[in-house]
Peer 1: 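Let me give you the structure first, and then I'll get to my questions.
Heavy atoms only: backbone and side chains are in, while hydrogens, waters and symmetry mates are out.
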Amino acid sequence: MNDLQGQRIAVLGGSSGIGLATAALASQGAHVLIAGRSRDKLAAARAAYPAIAASACLDMTDDAAVRDFFAAHDAWDHVVVSGSQTRTGPVRALDLDDAYDAMRSKFWGAYHVARACHIRPGGSLTLVSGVFSVRPDRNAVLQGAINAALEGLARGLALELRPIRVNAISPSVTDTPLWNKLDEADRRRKFQSFADHVPAGRVADPAAIAHAILAVALNPSITGSTLLVDGGDAIA
């Protein structure tokens, strides 16, 4: 992507799924660093996409580690915080420790990044939320609440951090390794059911979400916004 030529981009949660797709796409022109908890996944990601320039092992739930990470690097042009895998279930059935871990991972991780990130003026911070913020699911109430909190955080940060731009990207079902927990037949049924349900008639691949992330990152007039990339799930 020529618009990214020479820019520096950090993709946190960049070792797989949407984060890795974003890093791979951005690395066509930018200097890209991916960060995540697993050294093995980071190494595999860089082996698969050699244009990704660097990686760092980072737990975003650790505020001190996040601060140390940003202190060790020059200012970035763009920082992306990809979504994290969290356990789900009805509020009355989900174990409280799992609920707290979900909030720490997806919301507080992004909050730690917002507090510590060094981004040049005019650059961007992009968070990944999810469609349950606007289309609640009775079996994923917490996830909807976390996604809504992330989107509210992005709107407020757009005011606080100006002239850094802050936005959220909200996908729905996306063909990422998250779904590998299902066997092949169940995964096909899940994806077909979703495709039949939404106006777009398809399940997104990670690259589709990655293009949206980089589109808002590069557009100098977009800030404080949430972009739905959900195939129409929110209106179906």
Side-chain angles (χ1 to χ4, degrees), residues 4-20 22-27 29-46 49-86 100-129 146 149-169 210 213-214 216-218 220 223-224:
L4 291 171
Q5 196 66 43
Q7 297 197 34
R8 301 180 69 254
I9 301 178
V11 182
L12 311 185
S15 64
S16 65
I18 291 169
L20 179 55
T22 303
L25 183 61
S27 68
H31 172 97
V32 177
L33 176 147
I34 56 174
R37 295 186 187 187
S38 169
R39 293 186 187 278
D40 290 343
K41 287 184 178 181
L42 291 166
R46 292 191 65 195
Y49 299 97
I52 295 173
S55 61
C57 199
L58 177 65
D59 180 357
M60 287 189 293
T61 67
D62 184 338
D63 181 55
V66 173
R67 284 188 278 110
D68 289 345
F69 168 80
F70 283 105
H73 293 87
D74 294 334
W76 299 94
D77 292 290
H78 307 284
V79 173
V80 176
V81 182
S82 183
S84 58
Q85 184 174 349
T86 58
Y100 295 148
D101 284 344
M103 193 71 178
R104 276 191 292 267
S105 177
K106 192 164 185 180
F107 177 80
W108 286 111
Y111 193 94
H112 294 158
V113 171
R115 282 169 52 86
C117 61
H118 300 304
I119 300 174
R120 68 163 182 82
S124 72
L125 170 63
T126 305
L127 311 179
V128 177
S129 59
I146 293 172
L150 278 173
E151 292 168 11
L153 180 66
R155 288 191 294 273
L157 288 172
L159 299 175
E160 179 180 343
L161 300 184
R162 60 181 296 189
I164 296 166
R165 294 175 294 103
V166 187
N167 296 289
I169 297 293
I213 289 170
L214 294 180
V216 300
L218 291 170
T223 193

Peer 1: My understanding is that only residues two or more places apart in sequence, or in another chain, count here; which of them pass salt bridge (charged side-chain N to carboxylate O under 4.0 Å, His left out) with D101?
Peer 2: R104
Peer 1: Can you tell me how far the CG atom of N167 sits from the OG1 atom of T126, to the nearest 0.5 Å?
Peer 2: 6.0 Å
Peer 1: Only counting residues at least two apart or in another chain, list the ones meeting salt bridge (charged side-chain N to carboxylate O under 4.0 Å, His left out) with R39.
Peer 2: none
Peer 1: Between K106 (side chain) and S129 (backbone), is there a donor-acceptor pair under 3.5 Å?
Peer 2: yes
Peer 1: Dump the intermediate steps for side chain to side chain donor-acceptor pair (under 3.5 Å) on H78 and Q7, then the final yes or no.
Peer 2: CA-CA 8 Å; H78 307 284; Q7 297 197 34; 2.7 Å; yes
Peer 1: Would you please name every residue forming a side-chain hydrogen bond (donor to acceptor under 3.5 Å, both in side chains) with D68, sequence neighbours left out?
Peer 2: none
Peer 1: Are the side chain of R46 and the backbone of A53 linked by a donor-acceptor contact shorter than 3.5 Å?
Peer 2: yes
Peer 1: Please determine whether the number of non-hydrogen atoms from other residues, nucleotides or ligands lying under 6.0 Å from atom CZ of F70 exceeds 12.
Peer 2: yes
Peer 1: I would like to know whether R8 and D77 meet salt bridge (Lys or Arg N to Asp or Glu O under 4.0 Å); could you show each step before the answer?
Peer 2: CA-CA 5 Å; R8 301 180 69 254; D77 292 290; over 6 Å; no
Peer 1: Quick test of your reading: applying side chain to side chain donor-acceptor pair (under 3.5 Å), list the pairs with at least one residue in residues 152-165, sequence neighbours left out, ordered by first then second residue.
Peer 2: none
Peer 1: Tell me if a side-chain donor or acceptor on S82 pairs with a main-chain N or O of G19 at a distance below 3.5 Å.
Peer 2: yes
Peer 1: Just to verify, what does V128 make a side-chain contact (heavy atoms from CB on, under 4.5 Å) with, not counting sequence neighbours?
Peer 2: P171, I213
Peer 1: Would a distance-only check, ignoring hydrogens and angles, find a side-chain to backbone donor-acceptor pair under 3.5 Å from S27 to A24?
Peer 2: yes
Peer 1: With no hydrogens and no angle check, do the side chains of T61 and D59 hold a donor and an acceptor under 3.5 Å apart?
Peer 2: yes
Peer 1: Who passes ring pair (Phe, Tyr, Trp, His ring centres under 6.0 Å) against H118, sequence neighbours left out?
Peer 2: none
Peer 1: Rounded to the nearest 0.5 Å, what's the gap from CD on E151 to CG on L127? Could you check?
Peer 2: 9.5 Å
